[in-house]
Asker: 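One structure follows; several queries about it will come next.
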Amino acid sequence: MVAPYGAPLYRRFNSKVLEGNEETPDAPDTLRFVEKYRKEYLQVEANENFKVDGIKFLGIYTPDFTKDGKSFIVDTAFVNRWNGAIKPQYLISINRMDQAFEPGEMCPVCKEIVANGGTRPVNCPHDKAGKAPFHMGEYLVNFADSVNNAANKADYAWKGYTRAGFVKAAHMGDSLFILTGRFADVTLATFDTAVIKQAVKDKKYAEKYIVNLQKDNHKAVTWSMRFVDPEKAAKENEEDRAFLMESQKAEGDKDIAPTKGQWLKMQNGCIVLSGSLDGSESSFDQITGADDALIFNVEQGNKEDIATENEAISTSAVTVIAGNGDITIKGAANKTVTISNVLGQTIASTVLSSDEATISAPAGIVVVAVEGEAAVKAIVK
């Protein structure tokens, strides 16, 4: 057990003053991560020099560099257990969708049997099953496992350093289920932990894709915000609460406040993990020494900032307008338009017969791809 220290070692996003958390202090936040000196923001990688097809990396740019937004959903893996109050671990995600709790419901015939004093059948197939709450989205991870094991392992590194980026996953309880391979197309409606666990049991899906979020050890899917100056951090002043984004510790070091570890850094303009290069060493006592980590503060973000908020989005001569329950596309006659959700599932696909067409779409974030144009995100109200 780690004894509490007078000055906090890690940042906990539960401040009434700074994060605006009053009624539910550890509820999910929507935050922007701002580099302390250059005032650049963490964003989804948009520089063609650092992009790889099929992989969504983390990047850092000036606030006007990309229209894809600068906000991230930041949620606790746990706080009130183990040493979570000392070292909170956070899940950071984009494009997140939430499944609320849904109680089960007895079928009408069984209800009538019970109401008349009878005994209903066990496990009636007509009962409506309830749903446990969970979240599904794209979660920020340390790509160390991919660097070590993927067939295209070189794609996950930059100049020898491990990169960070986003993977599709679902967070339920104390587990994060990485959704890849046979489960890459899972949706909110079809997500089933029993099916995934059975696939693991049958050796058809790797056990590592069910990440146990419990306990104080570092995990490739969680992030802890290590205060640069713990003595100053006790103040509720954003400038004094600057932090490093901690991902891993060096082998044999402590789980809490390790001296040597891995923190987000910039290498030739690319976001990577300090200390991840073979032969390199990143030491917190020297604020990571020659392997300098980035120092961050936060700003309050908003969900609309995660995707393009503009009512009208122009892509060359084509205009995409997000409306109430629909998307209007202008200037795309005789072109194929595909509308999909943030998980890549197609909502609608059609060839437009006129220069202005309106297509129904569900509320939320959608991706609109017009033939011959760059895909854009829009928010349907």
Side-chain angles (χ1 to χ4, degrees), residues 23-24 26-28 73 75-78 80-81 91 93 95-139 167-214 303 322-327 338-350 358-367 379-381:
E23 296 179 5
T24 52
D26 289 302
I73 298 173
D75 197 2
T76 55
F78 64 85
N80 296 319
R81 295 173 292 161
L91 296 164
S93 63
N95 298 331
R96 197 181 90 167
M97 300 181 292
D98 303 320
Q99 170 63 58
F101 169 73
E102 292 183 8
E105 187 176 350
M106 192 184 302
C107 85
V109 174
C110 288
K111 282 183 181 179
E112 187 173 349
I113 292 172
V114 172
N116 292 323
T119 302
R120 66 182 294 254
V122 177
N123 298 324
C124 173
H126 305 293
D127 288 346
K128 177 187 174 184
K131 288 187 178 181
F134 67 92
H135 316 290
M136 182 180 290
E138 295 169 297
Y139 286 79
V167 297
K168 181 180 175 181
H171 176 209
M172 177 183 278
D174 287 330
S175 297
L176 187 73
F177 294 80
I178 308 298
L179 302 173
T180 186
R182 62 172 51 215
F183 296 111
D185 295 327
V186 163
T187 67
L188 276 182
T190 62
F191 175 68
D192 189 333
T193 59
V195 173
I196 297 174
K197 289 176 180 178
Q198 186 62 48
V200 170
K201 185 177 179 180
D202 294 340
K203 310 262 186 228
K204 295 179 179 178
Y205 199 59
E207 187 176 5
K208 67 183 178 181
Y209 292 135
I210 304 178
V211 183
N212 183 354
L213 299 175
Q214 298 182 20
K303 290 184 178 180
N324 293 314
D326 56 37
I327 294 285
T338 301
I339 300 174
S340 56
N341 62 23
V342 294
L343 298 177
Q345 295 151 344
T346 300
I347 296 167
S349 182
T350 185
T358 299
I359 302 172
S360 295
I365 302 167
V366 298
V367 179
I379 297 177
V380 179
K381 297 178 181 178

Asker: Apply side-chain contact (heavy atoms from CB on, under 4.5 Å) to residues Leu176 and Leu213 and explain how you reach the verdict.
Answerer: CA-CA 7 Å; Leu176 187 73; Leu213 299 175; 4.3 Å; yes
Asker: Is any side-chain heavy atom of Asp75 closer than 4.5 Å to one of Ser93?
Answerer: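 Of all side-chain heavy-atom pairs linking Asp75 with Ser93, none is under 4.5 Å.
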Asker: Considering non-hydrogen atoms only, spot the tightest contact between Asp185 and Lys168 and give its length.
Answerer: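 Closest approach of Asp185 to Lys168: C-NZ, 3.7 Å.
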Asker: Looking only at heavy atoms, which two atoms of Val211 and Ile178 are closest? And how far apart?
Answerer: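 Shortest heavy-atom separation between Val211 and Ile178 comes out as CG2-CG1, 4.3 Å.
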Asker: State, to 0.1 Å, how close Ala348 and Ile359 come at their nearest heavy-atom pair, and which atoms those are.
Answerer: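 Closest heavy-atom pair between Ala348 and Ile359: CB-CG2, 3.8 Å.
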Asker: Students often mix this up, so state it plainly: with edges at 30° and 60°, are the rings of Tyr205 and Phe183 parallel, tilted or perpendicular?
Answerer: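 Aromatic pair Tyr205/Phe183 classed perpendicular.
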Asker: With sequence neighbours left out, what residues match Arg120 under salt bridge (charged side-chain N to carboxylate O under 4.0 Å, His left out)?
Answerer: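 Salt bridge (charged side-chain N to carboxylate O under 4.0 Å, His left out) list for Arg120, sorted by chain: Asp127.
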Asker: If you compare all heavy atoms of Ala361 against all heavy atoms of Ile327, which two are closest, and at what distance to 0.1 Å?
Answerer: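 Smallest interatomic distance, heavy atoms only, reads CB-CG1, 4.1 Å.
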Asker: Give me the ring orientation class for His171 and Tyr139: parallel if the planes are under 30° apart, tilted from 30 to 60°, perpendicular past 60°.
Answerer: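 His171 vs Tyr139 ring planes: perpendicular.
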Asker: List the steps and the verdict of side-chain contact (heavy atoms from CB on, under 4.5 Å) for Val186 and Phe177.
Answerer: CA-CA 11 Å; Val186 163; Phe177 294 80; over 6 Å; no
Asker: Determine whether Ile196 and Asp192 make a side-chain contact, defined as any pair of heavy atoms from C-beta on separated by less than 4.5 Å.
Answerer: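 Side chain of Ile196 against side chain of Asp192, heavy atoms only: no contact under 4.5 Å found.
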Asker: Can you see which heavy atom on Pro133 is nearest to which on Met172, and at what distance?
Answerer: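 Closest approach of Pro133 to Met172, heavy atoms only: O-CG, 3.9 Å.
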